[in-house]
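To start, the structure itself, in structure tokens.
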Amino acid sequence: DIHYLPNYIDLEKYQNITLKPHEGVVIGWGGSMTHLESFTGSGMLEALQRVCRARPQVKVLVAGGDTRLLQQLPIREEQKIYQPWVPYTEWAHTLSRFDIGLAPLHGPYDERRSWIKALEYMVMKIPWAASEGTPYQELRPYGWLVKNTASAWERILLDMVDHLADYKNTAS
């Protein structure tokens with residue numbers, strides 16, 4: 001017995017939210033305890049380490065109730081930003097702090113995730129990069145789909161950081 005429950009965005013929650021001005025470039029991600037392997041298995045942790053070393057103006061914002069990812073992130077403390085869990089009604093305000101959105105995937109569990117992260121980034125006009133995988137295939141024209149290697153993630157993220165204004169114009 002199979003029941004299909006679609007995942008969707010309540011567009012009202014994302015309307016009239018303005019991006020928060022800040023210094024530097026904020027690469028952001030939000031999720032739950034089920035996402036740690038998405039980062040460890042995708043090469044994302046090593047890529048973020050390399051990007052933050054190469055571009056000291058970059059900060060990584062981790063949002064959600066699981067601090068394990070933040071603890072395993074091998075970057076300087078001053079480049080880490082933690083946003084604890086917020087109610088769904090406040091989530092768009094957290095997203096408004098992102099300059100670049102991440103959506104890494106790894107393993108069979110993640111291949112069954114929804115495409116909600118990329119949709120949220122698109123609605124908020126945030127340039128994004130996601131792992132190549134089933135959840136994001138249909139959204140390929142609107143963001144970057146990345147092979148799960150540290151070097152591929154590093155290359156894409158450095159390009160996005162270095163040409164952020166162009167990426168933001170494309171996302172608008």
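Side chains are part of it too, since the values below use all heavy atoms of this structure and drop only hydrogens, waters and symmetry mates.
- Panel note: side chain Lys80, backbone Leu73; a donor-acceptor pair is recorded below 3.5 Å.
- In this structure Tyr8 satisfies the side-chain contact (heavy atoms from CB on, under 4.5 Å) test with no other residue, sequence neighbours excluded.
- To the nearest 0.5 Å, atoms CG (Leu102) and CE (Met44) are separated by 4.5 Å.
- Using bins of under 30°, 30° to 60° and over 60° for the plane-to-plane angle, the ring pair Tyr121/Phe98 lands in the tilted bin.
- Inter-residue side-chain proximity for Lys13 and Tyr88 is flagged as met; some heavy-atom pair is nearer than 4.5 Å.
- Not counting sequence neighbours, the partners of Glu37 by the side-chain contact (heavy atoms from CB on, under 4.5 Å) test are Thr40, His106.
- Evaluation of the side-chain contact (heavy atoms from CB on, under 4.5 Å) rule for Asn16 yields no partner, not counting sequence neighbours.
- At a threshold of 4.5 Å between side-chain heavy atoms, the hydrophobic network of Ile, Leu, Val, Met, Phe, Trp and Tyr places Trp29 and Leu164 in one connected group.
- Remark: side-chain polar atoms of Asn148 are paired, donor with acceptor, to backbone N or O of Leu105 under 3.5 angstrom.
- Using modelled atom types, no side-chain atom of Gln57 and backbone atom of Val25 make a donor-acceptor pair closer than 3.5 Å.
- A donor-acceptor contact closer than 3.5 angstrom is absent between the side chains of Asp99 and Tyr167.
- Rounding to the nearest 0.5 Å gives a distance of 8.0 Å between CH2 of Trp85 and CD of Glu90.
- In this model, no donor atom of one side chain and acceptor atom of the other lie less than 3.5 Å apart for Tyr136 and Trp128.
- Once rounded to the nearest 0.5 Å, the distance linking CE of Met124 with CG of Leu119 reads 13.5 Å.
- Separating the CD atom in Gln72 from the OG1 atom in Thr67 is a distance of 10.0 Å, to the nearest 0.5 Å.
- Rounding to the nearest 0.5 Å gives a distance of 11.5 Å between CG of Leu157 and CZ of Arg50.
- Leu69 contributes atom CG, which lies 5.0 Å from atom CZ of Phe39 (distance to the nearest 0.5 angstrom).
- A salt bridge does not link Lys117 with Glu120: none of the charged nitrogens is closer than 4.0 Å to a carboxylate oxygen.
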